[in-house]
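Lettering follows sequence order; numbering is per chain, from 1.
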Amino acid sequence: MTANIVTITSGKGGVGKTTATANISVALAQLGQKVVCIDSDIGLRNLDVVLGLENRIVYDLVDVIEERCRIRQAMIKDKRFNDLYLIPAAQTRDKNAVSPSDMIAVCDQIVEEFDFILIDSPAGIERGFKNAIAPANQVIVVTNPDVSAVRDADRIIGIIEAEEKGPAKLIINRLNPHLIRRGDMLDADDVLDLLAINLLGIVPEDESVIMSTNNGKPVATEEKSAAGQAFRNIARRLLGDEVPLLDLNLKEGIFHKISKIFNTEGD
Amino acid sequence: MREGNWRDLQNGLLQQIDSESAFFSNAKIALDVGDRELGAAQLSKLRDMLLDREIKLFAVLSSSSKTEATASTLGLSTRTSLLKQKESRLSAAILEGEPGLVIRKTIRSGSGVEYDGHVLVHGDLNPGAEISCTGSIFIWGKLRGTVHAGMAGADQSVICALQLDPISLRIANIEYRENKLLKKLRRKPVEISLEKGQFVLDYWDI
């Protein structure tokens, strides 16, 4: 087998890259896929916390690159699943400890043994981001339905195209149907109209994400969580399944429709 | 028309028309009177005499501005107005042989072009993307970014887009301030040009 190497990035920080990486990894593992996730956010590692594997770190990505250990020694197995591993980032180093060719070399060592390698990218468009997308054969851009996150997503999509890693796919995270109904949040159509790339999924805002992040137990394992369901659907779409978008109760009320018509004509 | 007395010339013209009346019947004619200065009385009399012969005088061409002015007050076309009809603003803004750059993709935030000539984008111009050029800018898509046409002060430059919602828009050295007209045209193809230092917004008639 040859792994599908997927990098998850966003440009802007705090939109949910790490949450998405953790949950998609878990969801893929639940579907029987052999998965490795790599935290490439050197100096600001988080993925280990979200996955609840923090206290099991011995070696990290920089140790592998600088040959202080074999790659297998740095791969932490998540015992809740058959085939889910994490290669954590180094916390005491910075982005310059890794180069794009290092990332390619690391992935090359395990690409034959897994179905998916998911790389959690740092925010920004500099070295760390370049490292993260270097080995990718598919890039997922995570954004939130707000103007500044979408602006940054647009920027990063342009760079991904320029680096010939495109076309990227989009996850709209933390969508709040209630705010959209009130007209206080961009809706998915507004975001897609601007970014004009394929939509991989929409993840609703869900309190259980915060709790599960703190507990190190990704929501994708929670049957009843709407966000968890959204991430499980995204994993299935990555496997090529056609899964309809979640019904986020976005059916517009008559008042909203009228005000929307009014706004379009009147502005 | 040749030199000579206007009355003689007019009679000569009518005679010629009468001798070939079948050919001229129901004709529309344009008359080139050279630099002759003609008043309203003379032109309207000729027009009426032609009309008696079922000939419509639709235009008077003259190098005399006085004659042209007379003709246009009579509702006749003149060289100036004919030229105006033929030449749209687009062709005035773009002259054959001038350099142009065609970009066949959406220009995203953080990228852009600076070009000595005209720029045509087959895609959108997103917020945070910029185009500056010395000529005109045509966006076959949504203009939501920053544009500056006529950079070196070429105020005949135009900006056209299928949808217009710019962050910033400039022609020559004049910055556009959003007005109500633009809001009306927001979801429609728009052409923006400068006339005497003022922005003029038109439906982009594609």
Side-chain angles (χ1 to χ4, degrees), chain A residues 9-13 15 121 123-127 129-130 133 139-170 172 186-187 189-199 259-267, chain B residues 101-115 119-132 137-147 161-169 176-190 192 199 201-204:
Chain A
T9 189
S10 67
K12 188 174 180 295
V15 298
S121 157
I125 52 174
E126 295 87 14
R127 178 69 173 263
F129 161 71
K130 296 267 160 65
I133 64 163
V139 182
I140 296 173
V141 173
V142 181
T143 192
N144 294 155
D146 68 65
V147 172
S148 64
V150 171
R151 195 71 58 87
D152 287 0
D154 187 45
R155 175 90 166 102
I156 214 102
I157 291 164
I159 299 173
I160 292 161
E161 282 169 4
E163 303 255 345
E164 296 182 339
K165 295 287 184 183
K169 287 185 177 155
L170 187 70
I172 302 175
L186 297 177
D187 70 21
D189 288 341
D190 297 332
V191 177
L192 287 170
D193 180 48
L194 186 89
L195 298 180
I197 59 172
N198 283 338
L199 182 66
S259 76
K260 206 167 178 183
I261 291 165
F262 186 75
N263 283 336
T264 336
E265 298 297 315
D267 69 6
Chain B
L101 177 69
V102 179
I103 300 168
R104 283 176 206 280
K105 61 169 191 173
T106 287
I107 306 180
R108 295 183 183 275
S109 172
S111 51
V113 287
E114 212 182 299
Y115 185 71
V119 176
L120 172 75
V121 179
H122 190 188
D124 298 339
L125 185 77
N126 281 357
E130 297 183 15
I131 296 176
S132 307
I137 298 171
F138 307 92
I139 312 274
W140 194 258
K142 297 164 194 138
L143 195 174
R144 294 189 270 216
T146 299
V147 283
L162 295 187
Q163 251 189 54
L164 194 69
D165 190 8
I167 288 185
S168 157
L169 187 153
Y176 180 75
R177 305 260 170 249
E178 190 165 353
N179 65 18
K180 282 177 186 165
L181 196 54
L182 178 53
K183 284 195 167 175
K184 241 185 206 170
L185 289 165
R186 176 160 286 170
R187 282 161 222 281
K188 300 195 172 73
V190 176
I192 299 187
F199 281 98
L201 276 81
D202 266 327
Y203 183 71
W204 184 15

Chemist: Just by modelled atom types, is the A:Leu194 backbone N or O under 3.5 Å from a matching donor or acceptor in the B:Asn126 side chain?
Modeler: yes
Chemist: Should the pair B:Arg108-A:Glu161 be classified as a salt bridge under the 4.0 Å nitrogen-to-oxygen rule?
Modeler: yes
Chemist: Among B:Ser111, B:Gly110, B:Ala129, which residue forms the greatest number of heavy-atom pairs with chain A at distances under 4.5 Å?
Modeler: B:Gly110
Chemist: Are the charged groups of A:Asp193 and B:Arg144 less than 4.0 angstrom apart, N to O?
Modeler: yes
Chemist: So do the side chains of B:Pro127 and A:Val150 get within less than 4.5 Å of each other, counting heavy atoms only?
Modeler: no
Chemist: Let me know if A:Asp152 has heavy atoms under 4.5 Å from chain B in its side chain, its backbone, both or neither.
Modeler: neither
Chemist: Does atom NZ of B:Lys142 have more than 12 heavy-atom neighbours, drawn from other residues, nucleotides or ligands, at distances under 6.0 Å?
Modeler: yes
